[in-house]
Amino acid sequence: MAKYIIEGSKRLIGEISVGGAKNSVLPILAATVINRSSSIIFNAPKIKDLYIMIKILKSIGCKVKFSNNIVYIDSSTIDKVEIPEDLVREMRSSIILLGAMLSSCGETIISYPGGCEIGPRPIDLHLSSLKAMGAEINESHGFIHCKSKRLTGADIQLDYPSVGATENIILAAVKAKGTTIIRNAAREPEIIDLQNYLKKAGCKIYGAGTSVIRIDGVDSLKEVEHTIIPDRIVAGTYMIASAITGGELVLKNIEVDHIQSIIAKIKETGCNIYNNCTALKIVGPKRLEPIESIQTLPYPGFPTDIQAQTMALLTLARGTSVITETVFENRFKHVSELIRMGANIKIVGKVSIIKGVSELTGAKVTAKDLRGGASLVLAGLAASGTTIVDGIEHIERGYEELDINLNRLGASIKRQF
Ligand code: EPZ
C-alpha cells in the first residue's frame, strides 16, 4: 500500500484553489447515460472515484475522454446493461446508476454494493422507491436485476433524507410517465447541482435543495455542458489544515454558502475567518478552544464527511469536546489511529469525547476510510516528528493531489509506494 511520510509542526501559509465536488460529479456522470448524446463536464476533480466511474461508463459502451479536469462523454453508443461487478465493489456509490440506466435502457444488472468501511450502507430506500415507480427488481446471488419498459411517476416519502436514494429516484423519474414527488428528500448542494445539470438537458425538475422535489417526466434529454460545484468537504478539510497548524490559508473557488455549518463550528475553536461568497481566509489560533458539542446531521446540519477531520483538530484543543456521529454506524475508525499519536479520545456508542492534549507525536498509522485517512494527515501536519500514513489509496479516492497541494503550502509530505 502507498503511504505518506509527513514531517509535522509546520505552519501552512498560502492560497489553495478547491476543485470540483466528488459527490456531485459522480451522480452527474451517472446522469450522462440518460441523454444518449454528448455531455461536457467542467471542473471535474482528478480523483480515483472519478476514474472508476469513467471505467464504468466505458464498460457499457460510452465514449469518454478526460483531460484538464474536463470529461467528454458520448452515451449514444451504450450497448450493455450490466455494470461490471469488480467496479461496483470498488466504488459502492455506483449504485446511483440504477435509476440512470432504467431511464436510459429500461434495464440494468448491478452487483449489490455491500457495506464499506463506515457502515452496512443499505439500499432499501433506493429499491423500494424504484419498485413504487414500477421497476421489476430481482435480487439473487448478490446481483440486482432491474427492468421496466417505462417507469411511472410516484409520490415517494423517504424514511430518511438519503442522498443516494434521492439521486436514484430523480434519475429514474426524469423520463418516467407522469409526475414524481420526493418527500423528505436530501437537501445537499450536490442534489441542486444534479438538478441544474438535468434542467440543462431539458428535464422538468423543481425543488432540489428543499425537502420536496417534483419531477415531470419528459420523453428525451438533450446534450449538456455543465460545471461541477466546488467540493465543500475538501474546502472544510483545508480549513482544518490551517486551523490545526496555526496557519493562514486563503481558499479560492469555493461556495461559502455550502460550508456555513463548518465555518460556524471552526470559529468556535478560536480561528479567525474572513470571507466573501467564493473565497475565504482562515487564520488558526495559537491554542485551539474546544467545541462543547457537534452532532453530524443531513444537510444543512454539520456534515458527517467532516467529522473525522474536526476530531483531529479537537485533539489539540484546550479542553474537552464532544462529537456525536448520527449518520453512519461505524465512522470512528480513525480514533484508534489518533490515539496512537497521543490523542485522548473515548467512544461511547455514537458519542466521541475528545480531551485536548498539548501535543500529538508522529507515529505509524493506517487510513481505513476516505475521511478518516484525511484526519490522520491533518494530525500528522500538527504532530511533532514523523507520521507515516499507510493506506492512502482510501484518501486519494476523494482528494486531488493532497500531498502536492499541502507541500505547496509549507507542509513536508513525501508519497512513497
Ligand atoms: C452520500 O452517501 C455521500 N457519498 C457520502 O459521502 C455522505 O457521507 C452521505 O451521502 C451523507 O451525506 C456520495 O455522494 C457518493 P445516504 P450515501 O444514503 O448516498 C442510510 C464521502 O466521504 N440509508 O445519505 O450513501 C445509510 O445507511 C462519502 O464522500 C438507509 O438506511 O448516503 C446512512 O446511515 C461517505 N437506506 C444514512 O442513510 C438506504 O436505502 C445516510 O446515507 C440509503 C441510506
Side-chain angles (χ1 to χ4, degrees), residues 19-31 45 47-50 52-53 56 88 90-100 112-132 137 139 144 156-171 182 184-194 211 228-229 231-237 258 261-262 295-310 325-331 333-334 350 367-375 394-400:
K22 167 178 87 78
N23 293 346
S24 183
V25 74
L26 293 177
I28 285 175
L29 283 187
I47 54 175
K48 237 177 100 186
D49 274 8
L50 180 80
I52 295 171
M53 184 56 94
I56 290 173
V88 176
E90 216 181 328
M91 186 181 69
R92 61 168 315 283
S93 50
S94 26
I95 194 70
I96 194 67
L97 281 152
L98 265 184
Y112 238 87
C116 72
E117 307 78 11
I118 58 178
R121 311 294 291 275
I123 56 169
D124 54 310
L125 300 179
H126 298 242
L127 300 181
S128 58
S129 302
L130 295 177
K131 280 179 190 153
I137 298 181
E139 301 161 64
I144 306 165
I156 296 165
Q157 171 75 38
L158 285 175
D159 292 351
Y160 184 91
S162 155
V163 172
T166 301
E167 291 165 345
N168 246 333
I169 300 164
I170 288 172
L171 294 177
I182 310 171
N184 194 25
R187 294 185 279 167
E188 272 70 4
E190 291 77 26
I191 309 279
I192 301 173
D193 206 22
L194 178 62
S211 296
I228 299 295
I229 58 171
D231 194 310
R232 59 195 169 96
I233 305 303
V234 169
T237 306
H258 295 167
S261 62
I262 301 172
Q295 248 202 123
T296 64
L297 288 167
Y299 193 91
F302 189 85
T304 172
D305 292 349
I306 213 83
Q307 175 257 109
Q309 302 92 309
T310 308
E325 171 57 62
T326 74
V327 177
F328 287 108
E329 302 79 359
N330 189 15
R331 205 166 197 178
K333 289 196 167 165
H334 44 283
K350 288 177 172 275
K368 295 169 184 161
D369 59 69
L370 165 56
R371 308 301 176 182
S375 81
H394 288 291
I395 302 172
E396 296 181 337
R397 283 188 43 215
Y399 289 91
E400 186 175 2

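The structure displayed is predicted, hence computed values, not measured ones. In listed order, ligands and their atoms are each counted from 1.
- T326 and Q295 share no side-chain donor-acceptor pair at under 3.5 Å.
- The side chain of D305, and not its backbone, has at least one atom closer than 4.0 Å to an atom of ligand 1 (non-hydrogen atoms only; side chain from C-beta on).
- Within the 4.5 Å cutoff, side-chain heavy atoms of M91 are placed close to those of L26.
- For atom 36 (N) of ligand 1, the nearest protein heavy atom (residue, atom name, distance) is D124 OD1, 2.7 Å.
- Taking all atoms of both residues into account, the shortest heavy-atom contact from K333 to D369 is CB-OD2, 4.0 Å.
- Close approach of ligand 1 to Y160 (heavy-atom distance below 4.0 Å) involves ligand atoms 37 (C), 38 (O), 41 (C).
- Contact annotation: for L370 versus ligand 1, heavy atoms closer than 4.0 Å belong to the side chain alone.
- Backbone and side-chain nitrogen or oxygen atoms of V327 are examined, and one is located within less than 3.5 angstrom of a nitrogen or oxygen of ligand 1.
- At a threshold of 4.5 Å between non-hydrogen side-chain atoms, the residues I306 and P303 count as touching.
- S94 and I56 make their closest contact through CB-CD1, 3.6 Å (heavy atoms, listed as atom of the first residue, atom of the second, distance).
- A salt bridge is defined here as a Lys NZ or Arg NE, NH1 or NH2 lying under 4.0 Å from an Asp or Glu carboxylate O, and D305 with R331 meets this definition.
- Set against the non-hydrogen atoms of R371, the atoms of ligand 1 under 4.0 Å away are 21 (C), 22 (O), 29 (O).
- When only interatomic distances are considered, the shortest N/O to N/O separation between G164 and ligand 1 falls below 3.5 Å.
- Of all atoms in ligand 1, numbered sequentially from 1 with element shown, those under 4.0 Å from a heavy atom of L125 are 36 (N), 39 (C), 40 (O).
- Atoms of ligand 1 lying under 4.0 Å from at least one heavy atom of R331, given by number and element, are 8 (O), 22 (O), 35 (C).
- Near R92, meaning under 4.0 Å from any of its heavy atoms, are these atoms of ligand 1: 25 (O).
- Using a 4.0 Å cutoff on heavy atoms, E190 does not count as a contact of ligand 1.
- Not a single heavy atom of M53 sits under 4.0 Å from any atom of ligand 1.
- Annotation: side chain of P45 is not in contact with side chain of D231 (no heavy-atom distance under 4.5 Å).
- Among all protein heavy atoms, the one lying closest to atom 17 (P) of ligand 1 is R121 NH2, 3.8 Å.
- Of the protein's heavy atoms, none falls inside 4.0 Å of atom 20 (C) of ligand 1.
- Close contacts between ligand 1 and T304 involve ligand atoms 8 (O) [criterion: under 4.0 Å to a heavy atom].
- Under a 4.0 Å heavy-atom criterion, P122 is in contact with ligand 1.
- With a heavy-atom cut-off of 4.0 Å, K22 touches ligand 1 through its side chain alone.
- Side chain of N184 to backbone of Q157: no donor-acceptor contact under 3.5 angstrom is found.
- Y112 and R92 share no side-chain donor-acceptor pair at under 3.5 Å.
- Using a distance-only test at 3.5 Å, with no hydrogens or angles considered, a donor-acceptor pair links the side chain of T166 to the main chain of A186.
- Contacts between S93 and ligand 1, counted as non-hydrogen atom pairs separated by less than 4.0 Å, involve the side chain only.
- Of the possible donor and acceptor atoms, none in the side chain of E329 sits under 3.5 Å from a partner among the backbone N and O of G119.
- Across L127, L130, V88, a single residue satisfies side-chain contact (heavy atoms from CB on, under 4.5 Å) together with I144, and that is L127.
- The closest protein non-hydrogen atom to atom 3 (C) of ligand 1 is N23 ND2, 3.7 Å.
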